[in-house]
Trainee: 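Here it is, the structure in full.
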Amino acid sequence: TVDETVEAVRYGRAEIGFLGGRGPLLVSDLQVVPLADQPLMLATGPSMSASFDAEAFTPESLAGTRLIVSHRGSLMRAYVDELIGRGIDIDIVAEVTHRNSILPLVRAGIGQAVLPASWQSFAAEGQVRLAPISGAPSLHVSAIARQEGLTPAAARLLQLAIDLQL
């Protein structure tokens, strides 16, 4: 989680942390490097290709959707819970602990999923397509590190992340 990663860096259990959240990360005692904003998108398997006629899904168009979700605490899950809280009839068919199991389940037709846009290249390899969801939040990805005292390897890794703007 974000809190666990911040604590690990803050107390020296890790030199650098990579994390994502709903908004830009604000931590006054650590160096925060914004890396990317990844809008949440709807992942659908091969059997759902007809649904891609529209430019973007609306939250309301997700009514009746069978979704595979990640654990509570992730932005993906929080967004799905928000949609359900707004009265959109979404059926959670599977909850997974490891996000890498989501795409195979989508590909197999078990359900659809809400994923960050960065999953697009992995999804395409597995015949899964990602489409925008209008008004969906973005995952704001950042790197964090202590203000000083990084090892040369950690300092170089942080500089590479800055240069590449993942």
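On a predicted model such as this, the values are computed, not experimentally measured, just so you know.
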Trainee: State which residues pass side-chain hydrogen bond (donor to acceptor under 3.5 Å, both in side chains) with Ser70; sequence neighbours excluded, sorted by chain then number.
Mentor: Ser74

Trainee: With the 4.5 Å side-chain cut-off for hydrophobic clustering, are Val9 and Leu150 part of the same group?
Mentor: no

Trainee: Would you name the heavy atoms of Pro59 and Leu83 that are closest together and state the gap between them?
Mentor: CB-CD2, 3.7 Å

Trainee: State, to 0.1 Å, how close Ile90 and Leu62 come at their nearest heavy-atom pair, and which atoms those are.
Mentor: CG1-O, 3.8 Å

Trainee: Which side-chain N or O atoms in residues 12-19 pair as donor and acceptor under 3.5 Å with protein atoms at least two apart or in another chain?
Mentor:
residue : atom : partner : partner atom : Å
Glu15   : OE1  : Thr151  : N            : 2.7
Glu15   : OE1  : Thr151  : OG1          : 3.2
Glu15   : OE2  : Thr151  : OG1          : 2.9

Trainee: Are Gln38 and Ser118 close enough, and set up right, to give a side-chain hydrogen bond (donor to acceptor under 3.5 Å, both in side chains), and what steps lead you there?
Mentor: CA-CA 6 Å; Gln38 304 169 2; Ser118 63; 2.9 Å; yes

Trainee: Can you tell me how far CD1 of Ile133 sits from CG of Leu42, rounded to the nearest 0.5 angstrom?
Mentor: 5.0 Å

Trainee: List the steps, then state whether side-chain contact (heavy atoms from CB on, under 4.5 Å) holds for Leu40 with Met76.
Mentor: CA-CA 7 Å; Leu40 295 184; Met76 300 176 299; 4.0 Å; yes

Trainee: Residues in side-chain hydrogen bond (donor to acceptor under 3.5 Å, both in side chains) with Arg77, at least two apart?
Mentor: Asp81, Glu95

Trainee: Residues two or more places apart in sequence or in another chain: which of them pass side chain to side chain contact (heavy atoms under 4.5 Å, CB included) with Leu105?
Mentor: Ile68, Val96, Ile110

Trainee: Show the nearest heavy-atom pair for residues His140 and Arg22, with the distance to one decimal.
Mentor: CD2-O, 2.7 Å

Trainee: Do you know the tightest heavy-atom contact between Val93 and Gly111?
Mentor: CG2-CA, 4.5 Å

Trainee: Under a 4.5 Å side-chain heavy-atom rule over Ile, Leu, Val, Met, Phe, Trp and Tyr, are Val32 and Val141 clustered together?
Mentor: no

Trainee: Give, for atom CG of Asp91 and atom CG of Leu67, the distance between the pair rounded to the nearest 0.5 Å.
Mentor: 8.5 Å

Trainee: Leu30, Val2: one ILVMFWY side-chain cluster at the under-4.5 Å cut-off?
Mentor: yes

Trainee: Please determine whether residues Leu157 and Ile144 belong to a single hydrophobic cluster, defined as Ile, Leu, Val, Met, Phe, Trp and Tyr linked transitively by side-chain heavy-atom distances below 4.5 Å.
Mentor: no

Trainee: Should Phe57 and Ile84 be regarded as members of a common hydrophobic cluster, given that ILVMFWY residues are connected when their side-chain heavy atoms come within less than 4.5 Å of each other, either directly or indirectly?
Mentor: yes

Trainee: How about Glu148: does its CD atom have over 12 heavy atoms from other parts shown lying under 6.0 Å from it?
Mentor: no

Trainee: If every non-hydrogen atom of Leu115 is compared with every non-hydrogen atom of Ala43, which pair is closest and at what distance?
Mentor: CD1-CB, 3.8 Å

Trainee: State, to 0.1 Å, how close Ala161 and Leu35 come at their nearest heavy-atom pair, and which atoms those are.
Mentor: O-CD2, 3.5 Å

Trainee: So among Ile102, Thr44, Val106, which one has a side chain to side chain contact (heavy atoms under 4.5 Å, CB included) with Gln112?
Mentor: Thr44

Trainee: Please list, chain by chain and in numerical order, all residues satisfying side chain to side chain contact (heavy atoms under 4.5 Å, CB included) with Gln159, sequence neighbours excluded.
Mentor: Arg156, Ile162, Asp163

Trainee: Considering residues at least two apart in sequence or located in another chain, which fulfil the side chain to side chain contact (heavy atoms under 4.5 Å, CB included) criterion with Asn100?
Mentor: His98

